[in-house]
Amino acid sequence: MSSFASSLLCLQEGAEPVMQMTCRDRNRIALQSDLLGAAALGIKNVLCLSGDHQRFGNQKEAKNVYDIDSIQELQIFRTMRDEKTVWGGDKLEQAPNVFLGATENPFADPLEFRVMRLGKKITAGAEFIQTQAVFDIERFERWMSDVRERGLDRKAHILAGVVPLKSLGAAKYMKTKVPGMVIPDSTIERIRAVGDVKSEGVKMCVEKIEQIKSIKGVHGVHIMAIAWEEIVPEIVQKTGLYPRPNV
Amino acid sequence: MIIAEQKPLTEICRIVENDHKILVAGCKSCVAICLAGGEKEVGILAESLRLYSDLNNKEWEISEVVVERQCEKEWVREIGPSIEGKDSVVSIACGVGAQVVQELYPDARIVSGLNTSNMGAPDEPGIFLEKCGGCGDCVLHLTGGICPIARCAKSMLNGPCGGSQNGKCEVNPDTPCAWDQIYNSLKRLGRLNLIEKVIPPKNWIPSSSGGPRKIVRAEAVLTPEEKKTKEGVD
Amino acid sequence: MTPEVHLRKGDELISLVTSTRPARPGSRRLRSVAEDKGDRIGVFICRCGGAVSRTVDVDSVAAHAASLNSVAFVKVMEFPCSAGGRAEILEDIREKNLGRFVVAGCSPRTHEKIFRALAAKAGLNQSMFEIANIREQCAFVHVPSEATAKAKVLIESTASKCNLLLPAPYEQIPLSSRKALVVGSGLSAVVAASHVSDQGFGVILVDPRGTSNEGEANSIKAGESVELFDKTLQRLKSNPLVRMLSGSKVIEFEGHPGDFRALIQTPDGEEDIRCGAAILAFDASPTHAAEDRDRREITQAEFGSLLGSRVVKMENIVMIVSDNSSEETVGRGNYVDAVASSLRLKELLPSADVTIIGSEARMYGLHELDHIRAQERGVRFIRPKGEVDIKHEGGLRVLVTDASSDAALSLPADLVVRSDVLRFEDAKKVASVFKIPINARGFFVESEVRLEPGSTLNRGVFLCGSAAGPRLVSEELLGASTAASQAVSLLASPFIEAGGTVAEVDPEKCSVCLNCIRICPYTAPFINEESKAEIDIQTCQGCGICVGICPSKAIQMYGYTDAQLFSQASASLRGGGT
Amino acid sequence: MSDRMRIVGFCCSHGAYSSADLAGVMRISYSPSVMIIRVPCAGRIDVLHILRAFRDGADAVFVAGCLEGNCHFEYGNFEARKMVEHAKRLLSDIGIEAERVEMFNVASNQAWRFPEIVGEMVSRVDKLGLSPLKKVIK
């Protein structure tokens with residue numbers, strides 16, 4: 001199911017979704033028309049991604065699009081919102097009032113270019129950033145210090161990604177099959193050494209969130225409980241982030 | 001140069017299954033260099049087809065020919081006589097050559113024996129790498145001489161994506177990540193500023209998505225009168 | 001050293017040399033290229049004095065051969081290779097107007113040359129014959145019935161190949177220069193140069209490190225080689241045939257054996273010289289130890305020259321032989337040098353107290369006698385365990401743990417002598433100039449160590465000295481004389497033979513894909529002015545690798561064309577009448 | 001095509017051919033069904049020679065060069081091995097068992113090695129039967 005449809009279902013359930021828009025399957029025309037539709041239907045948050053290559057999906061023979069990349073997508077959406085014009089140049093009576101976000105992988109190469117690229121995303125229009133799952137905390141801290149150095153943490157809300165590991169198999173799968181996911185061997189060893197993997201997974205995830213809380217410049221956490229969504233409430237309670245502050 | 005690879009022999013045999021007189025037409029330029037369709041490959045393919053025919057009582061009659069360049073009409077006309085009366089012509093030139101032969105000999109059944117792949121260059125003996133995607137609007141001056149359209153799996157203009165791991169592309173790990181190379185090349189050239197700024201969305205009209213392209217060198221085009229006198233003379 | 005030879009100018013000596021000394025094999029006087037004299041084939045079947053005929057029914061084989069339509073004449077003979085046999089064949093060729101012939105007998109590997117000369121004598125092109133191996137590969141290995149049937153097939157397939165033979169190009173190229181270019185600054189270079197010049201051939205000694213003019217002895221390894229170097233150098237300087245270019249290096253080198261051109265950068269400008277052969281005689285030279293080190297710690301080379309000056313007063317000498325095989329310090333002769341200089345010291349100063357610390361006593365061959373002699377003279381040998389370090393306060397003290405007794409020793413020393421750190425000429429640059437390969441450890445590659453020692457893949461360029469591999473002084477001398485003898489046998493040959501089974505490019509078919517240039521071990525193919533590949537038949541060694549890989553089938557090879565191989569194979573599969 | 005087993009052996013003059021000669025001198029016999037074709041170096045052989053031999057009725061083909069690292073021409077034997085691997089791929093596509101073609105390395109002084117190679121190929125043909133081309137009913 002598309003992120004657009006599932007975001008609408010969340011709205012109907014009273015939750016506030018973050019709609020994901022990838023550039024793999026849709027060219028700039030489709031992305032702009034979807035943005036207008038989403039805004040019209042009350043979806044406020046949009047996460048701009050280049051999108052995983054179709055080789056990682058179940059239809060490897062499909063032709064990809066990649067007309068634009070995530071940074072150009074941000075640029076187009078910000079122009080639609082702030083200058084009320086479609087990228088082709090036509091005027092919009094009403095601007096789509098959306099909160100734009102992007103992703104960033106602090107563990108990908110070339111390391112020293114990563115923060116500069118985050119800067120590009122923010123200048124292009126990103127207001128919140130969801131990072132790739134954090135396992136290697138030292139490298140994440142080094143990345144965050146570079147981010148603070150450039151003052152980017154004051155220009156965009158950075159949410160560190162966390163992933164609770166349900167089983168040894170899930171961990172290995174993510175390490176090898178999920179693009180961009182770097183899981184240090186120490187984490188794998190820790191799960192291997194324990195009988196009840198589930199509770200250890202939750203414990204590690206909570207530990208990670210506590211560590212992230214102490215890092216200056218991180219404004220929040222996004223929990224990616226892939227195929228284990230039901231565990232999220234338990235994790236949130238255990239980290240004292242519940243109940244939700246009314247803003 | 002154009003890089004191509006022979007179709008699997010079993011596939012070629014299936015395509016010409018019910019034919020009798022088969023011509024294998026090779027080409028001496030690009031496909032000879034990438035060991036796909038030169039005179040040697042013509043010999044090997046013809047010999048393999050004959051062996052297959054003997055084994056399976058196909059009674060195929062395989063003949064061989066090599067063209068200087070199969071994308072040049074004058075050269076292709078020279079093999080006209082050997083195309084005569086053939087049930088199918090297996091062209092192991094690139095896709096361009098096969099289609100030029102079809103244009104000149106509309107009644108002949110042209111079969112492409114190759115899968116033409118890309119515009120690339122020999123990397124080391126026997127290994128050929130894609131270099132150019134033919135997008136019609138070159139950006140090499142912005143990317144330190146490395147083409148992101150052809151050599152990045154997502155053709156990104158503001159890469160690298162999150163899947164670039166120790167210099168390799170996540171899509172196929174033995175391919176270097178183009179943007180990792182672009183970053184290092186620009187760093188070496190002291191022009192990192194080029195990718196600090198956002199590169200705006202690309203105009204894809206000059207690329208194949210804008211429809212088949214036609215390049216015109218006006219100074220070489222014959223006017224209708226010139227054509228008449230020339231055709232008259234020929 | 002070689003006996004005193006009456007020095008005469010090189011060319012004058014040639015007439016003397018060629019008549020007495022067997023010149024390079026295979027260079028007898030050969031007729032120039034003859035055209036194709038038609039395709040009437042004569043088959044001469046050899047009984048080999050019973051060796052063949054005892055197993056193979058030669059008459060039925062002859063009958064079968066006669067039945068082949070490509071064969072015009074068949075004769076069974078006792079010994080075609082004998083003088084009488086060859087005269088008979090010569091007669092038959094003329095009489096029966098044969099264009100080419102097959103000899104069915106023993107292996108071509110042994111008799112090819114004899115019948116090549118016979119073909120030339122008969123006025124045919126030398127490659128217009130083929131040998132069917134019906135002895136080693138038939139009569140000797142199969143029972144009579146099988147051998148007879150096999151012989152028929154072998155003759156039929158050889159005849160079918162012979163039918164398609166083409167007259168191959170042969171050239172005898174006079175040498176444009178009979179001088180040898182010797183490149184190197186060490187012992188091997190001067191010894192090789194002296195060997196060549198002593199046999200009457202001109203030498204141009206290019207020595208990059210300029211050792212030949214100041215006689216910088218300590219650039220040579222220690223021991224007796226120092227005197228040998230000086231003595232040989234003096235002899236070279238007094239020899240009019242030898243021209244010294246010290247402090248210069250070769251920046252370009254091209255051409256063929258007997259006709260090389262070298263561009264040499266000398267201190268006073270560039271110079272073009274011509275030569276007939278080249279000897280690369282680079283030695284590893286000891287690097288100069290760092291200046292700021294303690295004066296009492298010296299290297300073996302320095303100790304060698306100290307001994308040479310015969311003024312040695314020190315009582316306690318400790319020598320440390322470093323044996324780790326890391327690249328720079330791989331000194332095959334480290335231990336041998338240490339023992340040699342300890343013996344020389346004992347001769348000068350019997351009372352001297354000498355200790356040699358070394359983990360492996362690599363003494364190689366007869367040098368073991370020196371080892372025993374040194375022990376008899378009271379030289380102390382210690383196998384160290386762990387690091388050996390030196391205390392400098394006050395008198396020198398060497399701290400070492402003896403491996404066998406685990407005793408920690410502290411030896412007083414007036415002088416500590418370390419092994420030389422050897423530095424090798426920058427092999428890569430030189431190799432690319434002379435187009436010879438380097439192995440993975442950075443040493444020059446000698447081509448066929450068993451068949452042609454001292455030679456390289458680039459014909460006419462010979463190799464000696466420790467840049468071809470770490471060598472003892474004795475081995476360096478041996479290598480130098482080997483390379484020199486190879487060079488002289490080339491310079492002494494009346495002409496250079498080229499052609500025969502060589503590859504040839506058909507420019508019509510060549511698509512200039514450069515594969516042949518990449519694959520040839522001898523860099524024989526090149527791109528000519530018409531920007532097509534062309535093979536230099538003087539460099540081509542006739543291996544056929546380029547023929548096999550050429551994607552445009554543009555290259556064929558005399559004696560082994562595709563057509564010939566196809567016909568030979570198919571005849572051997574279908575022939576024989578069974 | 002003769003109905004008796006025929007195996008073509010492309011032998012390099014420096015290695016395999018000399019090993020065959022030495023086997024002869026030492027009277028080590030081997031099957032007469034092998035037909036030795038002399039080439040200066042195994043690297044001279046190209047896939048085409050192997051395919052054509054099978055079409056002419058060879059039941060098996062082998063290419064024999066010098067020991068690896070000992071090639072008189074540096075690396076002709078490596079090129080030959082790559083050629084034989086290529087031929088195997090083609091033959092299996094065509095429908096001829098890839099075991100019918102093989103690359104061997106043999107030194108000129110290994111007299112017993114050449115008969116061993118012939119024996120190996122003969123046993124393969126015994127196992128696989130004569131060339132499938134010979135069993136095709138016209």
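Keep in mind the model is a prediction, meaning the values are calculated, not measured. Convention: sequence-line order gives letters A, B, ...; per-chain numbering from 1.
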- Message: So that I can tick it off, tell me whether C/Asp506 and C/Lys553 are bridged by a salt bridge, with the cut-off set at under 4.0 angstrom between side-chain N and carboxylate O.
- Response: no
- Query: Measuring heavy-atom distances to chain C, does D/Ser18 have an atom under 4.5 Å in its side chain, in its backbone, in both, or in neither?
  - Reply: both
- Query: So what's closer than 4.5 Å to chain C heavy atoms on D/Leu22: side chain, backbone, both or neither?
  - Reply: neither
- Partner chain C: residue of D/Asp59, D/Ile37, D/Asn70 with the largest heavy-atom pair count (under 4.5 Å): D/Ile37
- Can you sort out the partners of D/His14 under ring-ring contact (aromatic ring centres under 6.0 Å, His included), two or more places apart, ordered by chain and number? D/His72, D/Phe73
- Task: Counting only heavy atoms closer than 4.5 Å, note whether D/Ala80 contacts chain C via side chain, backbone, both or neither.
- Result: neither
- Task: In plain terms, say whether C/Lys152 and C/Glu156 are close enough for a salt bridge, that is, a side-chain N and a carboxylate O under 4.0 Å apart.
- Result: no
- Task: Select one option (side chain, backbone, both, neither) describing which atoms of D/Val34 are under 4.5 Å from chain C's heavy atoms.
- Result: both
- Between C/Phe566 and C/Lys161, is there a cation-pi geometry (under 6.0 Å to ring centre, at most 45° from the normal)? no
- Picking from C/Cys520, C/Cys106, C/Cys543, which has the most non-hydrogen pairs under 4.5 angstrom with chain D? C/Cys543
- Going by distance alone, is a donor N or O of one side chain under 3.5 Å from an acceptor N or O of the other, for C/Asn133 and C/Arg109? no
- Where does C/Glu130 contact chain D at under 4.5 Å (heavy atoms): side chain, backbone, both or neither? neither
- Message: Please classify the contact of D/Arg27 with chain C as side chain, backbone, both or neither, using a heavy-atom distance under 4.5 Å.
- Response: both
- Query: What's the shortest heavy-atom distance between C/Phe101 and C/Phe115, and which atoms?
  - Reply: CZ-O, 4.0 Å
- Query: Looking at D/Arg44 and D/Glu79, does any basic side-chain N land under 4.0 Å from a carboxylate oxygen?
  - Reply: no
- Top contributor to chain D interface from C/Gly542, C/Ser157, C/Pro108 [non-hydrogen pairs under 4.5 Å]: C/Pro108
- Query: Which atoms of D/Met83 come close to chain C, meaning under 4.5 Å heavy atom to heavy atom: side chain ones, backbone ones, both, or neither?
  - Reply: side chain
- Does the side chain of C/Asn125 come under 3.5 Å of the side chain of C/Ser127 through a donor N or O and an acceptor N or O? yes
- Which bit of C/Cys138 comes within less than 4.5 Å of chain D, counting heavy atoms only: side chain, backbone, both or neither? neither
- Note on the structure: Highest number of heavy-atom pairs under 4.5 Å with chain D among C/Pro521, C/Cys546, C/Ala503, C/Ala569 belongs to C/Pro521
- Query: Side chain, backbone, both or neither: which part of C/Ser570 has an atom under 4.5 Å from a heavy atom of chain D?
  - Reply: both
- Item | Under 4.5 Å from a heavy atom of chain C, the part of D/Phe114 involved | neither
- Between D/Ser108 and D/Ser19, does any side-chain donor sit less than 3.5 Å from a side-chain acceptor? no
- Item | Salt bridge D/Arg38-C/Glu112, side-chain N to carboxylate O under 4.0 Å | yes
- Message: Less than 4.5 Å to any heavy atom of chain D: does that hold for the side chain of C/Ile519, its backbone, both, or neither?
- Response: both
